[in-house]
Colleague: 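Sharing a structure below in structure tokens format, with a few things to ask.
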Amino acid sequence: MDEDEPMDEETAARGAPVRLLLLSDTHVPLRARRLPDEVLREAERADVVVHAGDWVDAATLDLLEGRARRLIGVYGNNDGPDLRARLPEVARVRLGGLRWGVVHETGPARGREARCAELYPDLDVLVFGHSHIPWDTEAPGGLRLLNPGSPTDRRRQPYCTYMTCTPADGVLGEVALHRLPRR
């Protein structure tokens, strides 16, 4: 498959390599006026953009829908009725031969792996947000938990962040955490 050719949902589900951009907690325009240019370039390169909630404004959803080949997103606790009308609380999809879930909140860090393994026994990977803290762990039974942090609001973290990965043939492989330059 040509790298610039859009990947259809059936191809992504079968296990072909799929380039993913993982985002959460963009909080535009409250924490930043706009998404960083680097994130927008990654959105255009990705086969699928995954956003784990707290968009805050519908304009950011519209922007990513316009740039992404495919967008999978959920609403977060800071998202109002307009976003909740367009997005689910939990999204489930098969990408790269893996069963993915996306949700905003997973509760406290303590006990997260066991709690998520119990809540999502049918998933291979769960992308979540809310804390703005990058997270990459494995739960009992093999569920991989990923939080890309925030590309716009670092809170107590040294950098704003996002993640990329290219799962294929049922293997997640390397997940890259990208740090954005300080603004």
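One is the number of the first residue; the rest follow in order along the sequence. These values consider heavy atoms only, across backbone and side chains, with no hydrogens, waters or symmetry-generated copies.
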Colleague: Suppose we screen for salt bridge (charged side-chain N to carboxylate O under 4.0 Å, His left out). Which residues come up paired with D136, at least two apart in sequence or across chains?
Modeller: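 For D136 the salt bridge (charged side-chain N to carboxylate O under 4.0 Å, His left out) partners, ignoring immediate neighbours, are R144.
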Colleague: Only counting residues at least two apart or in another chain, list the ones meeting side chain to side chain contact (heavy atoms under 4.5 Å, CB included) with E138.
Modeller: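 E138 satisfies side chain to side chain contact (heavy atoms under 4.5 Å, CB included) with no residue once adjacent residues are dropped.
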Colleague: Tell me every residue that passes ring-ring contact (aromatic ring centres under 6.0 Å, His included) with Y75, counting only those two or more places apart in sequence or in another chain.
Modeller: none
Colleague: Which atom names give the shortest non-hydrogen contact between P17 and A168, and what distance separates them?
Modeller: CA-CB, 3.6 Å
Colleague: Enter the distance from L143:CG to R112:CZ here, rounded to the nearest 0.5 Å.
Modeller: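 Atom-to-atom, L143:CG and R112:CZ are 12.0 Å apart.
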Colleague: When you check the gap from the basic side-chain N to the acidic O, do D47 and R19 get nearer than 4.0 Å?
Modeller: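 Between R19 and D47 there is no salt bridge, as every charged N stays at least 4.0 Å from the carboxylate O atoms.
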Colleague: For the hydrophobic clusters of this structure (ILVMFWY residues joined by side-chain heavy atoms under 4.5 Å, transitively), does one cluster hold both V93 and M163?
Modeller: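 Yes.
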Colleague: Testing N77, N78, D54 one by one against H130 for a side-chain hydrogen bond (donor to acceptor under 3.5 Å, both in side chains), which residue passes?
Modeller: N77
Colleague: Restricting to side chain to side chain contact (heavy atoms under 4.5 Å, CB included), what partner residues turn up for V103, sequence neighbours left out?
Modeller: V90, T106, Y120, L126, F128
Colleague: State plainly whether one hydrophobic cluster holds both L20 and V39, where clusters connect Ile, Leu, Val, Met, Phe, Trp and Tyr through side-chain heavy atoms under 4.5 angstrom apart.
Modeller: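 No.
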Colleague: Same cluster for L87 and V56 if Ile/Leu/Val/Met/Phe/Trp/Tyr side chains link at under 4.5 Å?
Modeller: no
Colleague: Tell me, which pairs form a salt bridge (charged side-chain N to carboxylate O under 4.0 Å, His left out) where one or both residues lie in residues 164-176, sequence neighbours left out?
Modeller: none
Colleague: Any donor-acceptor pair under 3.5 Å linking the side chain of S24 with the backbone of P148?
Modeller: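 Pair absent, no side-chain N/O of S24 close to backbone of P148.
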Colleague: Just verifying a value: how many Å separate R69 CZ and L21 CG, rounded to the nearest 0.5 Å?
Modeller: 12.0 Å
Colleague: State, without any angle test, whether T26 and H51 hold a side-chain donor-acceptor pair at a distance under 3.5 Å.
Modeller: yes
Colleague: Working to the nearest 0.5 Å, report the span between CG of L23 and OG of S150.
Modeller: 9.0 Å
Colleague: Under the rule for side chain to side chain contact (heavy atoms under 4.5 Å, CB included), what residues qualify as partners of L119, not counting sequence neighbours?
Modeller: R115
Colleague: Using residues 57-66 as the side-chain source, report each donor-acceptor pair under 3.5 Å to any protein atom, sequence neighbours left out, with the distance given to one decimal.
Modeller:
| residue | atom | partner | partner atom | Å |
| --- | --- | --- | --- | --- |
| D57 | OD1 | T60 | N | 3.2 |
| D57 | OD1 | T60 | OG1 | 2.6 |
| D62 | OD1 | R86 | NH1 | 3.0 |
| D62 | OD1 | R86 | NH2 | 2.7 |
| E65 | OE1 | R86 | NH2 | 2.8 |

Colleague: Does E44 have any side-chain hydrogen bond (donor to acceptor under 3.5 Å, both in side chains) partners at least two apart in sequence or in another chain, and if so, which?
Modeller: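 If we apply the side-chain hydrogen bond (donor to acceptor under 3.5 Å, both in side chains) test to E44, skipping adjacent residues, the hits are R67.
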Colleague: Determine yes or no for a side-chain-to-main-chain donor-acceptor pair under 3.5 angstrom, with W100 supplying the side chain and L95 the backbone.
Modeller: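 Yes, the answer is positive, given that a donor and an acceptor are paired below the 3.5 Å cut-off.
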Colleague: Do E38 and P151 come close enough that some side-chain heavy atom pair is under 4.5 Å?
Modeller: no
Colleague: List the steps and the verdict of side-chain contact (heavy atoms from CB on, under 4.5 Å) for R156 and I133.
Modeller: CA-CA 8 Å; R156 298 172 301 278; I133 299 170; 3.8 Å; yes
Colleague: Please list, chain by chain and in numerical order, all residues satisfying side chain to side chain contact (heavy atoms under 4.5 Å, CB included) with D37, sequence neighbours excluded.
Modeller: R34, L40, R41
Colleague: For the pair W135 (side chain) and G129 (backbone), establish whether a donor and an acceptor sit closer than 3.5 Å, ignoring hydrogens and angles.
Modeller: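 No.
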Colleague: Which residues pass the side-chain hydrogen bond (donor to acceptor under 3.5 Å, both in side chains) test with T161, sequence neighbours left out?
Modeller: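 side-chain hydrogen bond (donor to acceptor under 3.5 Å, both in side chains) list for T161, sorted by chain: empty.
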Colleague: Just grab all the ring-ring contact (aromatic ring centres under 6.0 Å, His included) pairs involving residues 139-171, residues at least two apart or on different chains.
Modeller: Y162-H178
Colleague: With a 4.5 Å heavy-atom cut-off, do V125 and L146 have their side chains touching?
Modeller: yes
Colleague: Any carboxylate oxygen within less than 4.0 angstrom of a Lys/Arg side-chain nitrogen, looking at R155 and D25?
Modeller: no
Colleague: Grouping I, L, V, M, F, W and Y whenever their side-chain heavy atoms are under 4.5 Å apart, do L83 and L71 come out in a common cluster?
Modeller: yes
Colleague: Once you round to the nearest 0.5 Å, how far does OG1 of T137 lie from CG of L145?
Modeller: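 Spacing of OG1 (T137) from CG (L145) equals 4.5 Å.
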Colleague: Which residues satisfy the side-chain hydrogen bond (donor to acceptor under 3.5 Å, both in side chains) test with S131, sequence neighbours excluded?
Modeller: N147
Colleague: Can you tell me if D79 uses its side chain to pair, donor with acceptor, with the backbone of R84 under 3.5 Å?
Modeller: no
Colleague: Using the rule that two of Ile, Leu, Val, Met, Phe, Trp, Tyr join whenever any of their side-chain heavy atoms come within less than 4.5 Å, decide whether V74 and I72 are in one cluster.
Modeller: yes
